[in-house]
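In what follows, a structure is listed as structure tokens, so that the remarks can point back to it.
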Amino acid sequence: VSTQSTWVEIEGYPTLKLFRNGVPGEYQGGRTAPEIVSYLKRQLGPVVQFFDTADAATAGIPTDETAEPVVIAFAAEDSDVAQFYATFASANRDDFTFGQVKDAEVAKAMGRAMDTIVIFKSFDEKEATFDGEQDAAVLKKFLNGHKMRAVDEIGPNNYKNYMDRGLPILWLFLDPSSPETEATLDVYKKVAPAHKTELSFVHLSGVQYGQMAQKMALTGNKWPAMAVENSKGEHWVFPEDAAFTESAVADFVKGVIDGSIAATVKSEPVPASLLDSDNVAIVVGKNFAEVVMAEGVDVLVEFYAPWCGHCKQLTPVWAALATELKDAAVVIAKTDATANDYPADFQIQGFPTIKLVTASNRIIDHSGSRSKEDIMQWLSENVENAEGMAPEKGAADTKNDEL
């Protein structure tokens, strides 16, 4: 089993692979039975299915609630639209099911105009016609905006779909037992359709997922609560004391999209003095860029959680490092990662996490021993600016003997 796992590069479970002629490929579909079936049909069949009759084309349009949308182009075989569509379909077969009607009479029988591209679905408005320019990025944005429900509950079965979609996500946290929940969802559903190509609108239980709400700078104990988060980890919080009205939600959504509302930075207060009594720099959300990303200085950062036992054990080590390097160009810093924002590039998976941000802003993960001596040795091998460090400890001062 270990040999097989190494051969196909299994990194977690469950992992799905599609083999073509004995060569494994990554599975890029969803995890529900209909999504797996739809994905396999797209991979094993032709990129574009041609419909020769109106009945055949109609039969290809999804009607079952669980069926995935189908994209159909009504375009003659040698038309510019058909050529554009074929190229687009080939590049996006993992994401959509494609069909085509080439005969104008068949299109007429279906009440369709030629040189149009339509996405058919079993939910919301049932279909949408693309009227944009022949640009792959424009078409993909349009299809991504229509391939999923305007509003849906997010959970294990569709979480990956929203991540793969690539749109910022508007998270609505609810109390399922509250009598106000239904009215709140009605407001949400009225705002979503006009903006579904810019944002994914989802809802979930705040009672169950309160920690996720706190991660987005919400208090995590008041529902409904709402925030937008993008792929960079930036978020925008709807004021928790504001009335949840259609106009208020619509204004918030528009402000996030057009940039008139600034991103919310979850942060403890900026300390009056950057260094604590142990010479450790205290980093919070609002001074993270200023301290950690300062050019020309190497910064060693501990991302900790107040409840973490291993983090507490590291406290005296961090103090000793800061004291020894207080006159060097290396800053020893720490931040409470549960109370402060940090850039998504840092990818904190557990506590404590130690990262070195070099003088040129490279991010290097530390994964070795956490003793003071071993960390000092690791620093000597990775810092870019060794000013103030003992010559033998600076990587920049290391010289090679010549024979």
Side-chain angles (χ1 to χ4, degrees), residues 28-30 32-152 158 161 164-167 189 192-198 200-201:
Q28 302 291 345
T32 67
E35 289 171 333
I36 293 173
V37 170
S38 179
Y39 179 83
L40 289 176
K41 284 182 177 179
R42 290 197 296 268
Q43 297 300 313
L44 302 178
V47 176
V48 177
Q49 181 179 357
F50 295 103
F51 301 116
D52 296 326
T53 67
D55 288 343
T58 301
I61 295 174
T63 55
D64 189 284
E65 281 291 313
T66 62
E68 291 192 341
V70 173
V71 184
I72 299 179
F74 297 87
E77 188 172 9
D78 58 351
S79 67
D80 291 343
V81 171
Q83 293 178 26
F84 163 70
Y85 183 70
T87 301
F88 180 87
S90 181
N92 293 277
R93 68 182 299 168
D94 284 350
D95 302 318
F96 304 98
T97 298
F98 295 97
Q100 184 176 344
V101 170
K102 297 185 288 185
D103 191 321
E105 290 301 316
V106 174
K108 183 178 180 180
M110 296 179 66
R112 306 290 169 180
M114 293 296 282
D115 293 333
T116 59
I117 298 173
V118 183
I119 181 169
F120 295 93
K121 47 193 177 176
S122 60
F123 50 85
D124 292 348
E125 72 274 41
K126 305 298 183 182
E127 63 178 71
T129 300
F130 177 68
D131 57 7
E133 57 185 306
Q134 289 184 27
D135 182 285
V138 175
L139 177 56
K140 187 158 188 178
K141 179 181 179 181
F142 171 83
L143 296 178
N144 271 336
H146 288 278
K147 70 180 291 188
M148 300 170 73
R149 298 176 188 276
V151 174
D152 203 359
N158 61 3
N161 295 339
D164 292 345
R165 194 182 193 190
L167 296 177
K189 290 176 180 178
H195 306 286
K196 63 185 178 182
T197 61
E198 286 92 13
S200 291
F201 289 74

Inset, instruction - Of all the heavy-atom pairs spanning Ala192 and Ala150, show the shortest one and how long it is. - result: CB-O, 3.8 Å
Inset, instruction - Compare every heavy atom of Phe74 with every heavy atom of Ala107, then report the nearest pair and how far apart it is. - result: CB-CD2, 3.8 Å
Legend entry - Under 3.5 Å: donor-acceptor pair, side chain of Ser122, backbone of Asp64: yes
Would you compute the distance between atom [atom1] of [X] and atom [atom2] of [Y] and round it to the nearest 0.5 angstrom?
| X | Y | atom1 | atom2 | result |
| --- | --- | --- | --- | --- |
| Asp52 | Lys102 | CG | NZ | 7.0 Å |
| Ile72 | Thr58 | CD1 | OG1 | 8.0 Å |
| Phe50 | Gln100 | CZ | CD | 5.0 Å |
| Asp55 | Met110 | CG | CE | 9.5 Å |
| Asp152 | Phe123 | CG | CZ | 8.5 Å |
| Thr197 | His146 | OG1 | NE2 | 6.5 Å |

Could you tell me if the side chain of [Y] sits less than 4.5 Å from the side chain of [X], heavy atoms only?
| X | Y | value |
| --- | --- | --- |
| Val71 | Ile117 | yes |
| Asn144 | Phe96 | yes |
| Arg112 | Val101 | no |

Inset, instruction - Evaluate the side-chain contact (heavy atoms from CB on, under 4.5 Å) criterion for residues Tyr85 and Val48: first the C-alpha distance (whole Å), next the side-chain angles of each, then the deciding distance (0.1 Å), finally the verdict. - result: CA-CA 9 Å; Tyr85 183 70; Val48 177; 4.1 Å; yes
Legend entry - For Asp95, the option from Lys140, Arg165, Glu68 that meets side-chain contact (heavy atoms from CB on, under 4.5 Å): Lys140
Inset, instruction - Please step through side-chain contact (heavy atoms from CB on, under 4.5 Å) for the pair Arg149 and Asp124, ending with a clear verdict. - result: CA-CA 6 Å; Arg149 298 176 188 276; Asp124 292 348; 4.1 Å; yes
Inset, instruction - Report the C-alpha separation of Leu143 and Phe130 in whole Å, then their side-chain angles, then the decisive distance to 0.1 Å, and conclude whether the side-chain contact (heavy atoms from CB on, under 4.5 Å) test is met. - result: CA-CA 8 Å; Leu143 296 178; Phe130 177 68; 6.0 Å; no
Inset, instruction - Using the side-chain contact (heavy atoms from CB on, under 4.5 Å) rule, take Ile61 and Val70 through it: C-alpha gap first, then chi angles, then the decisive distance, then the call. - result: CA-CA 6 Å; Ile61 295 174; Val70 173; over 6 Å; no
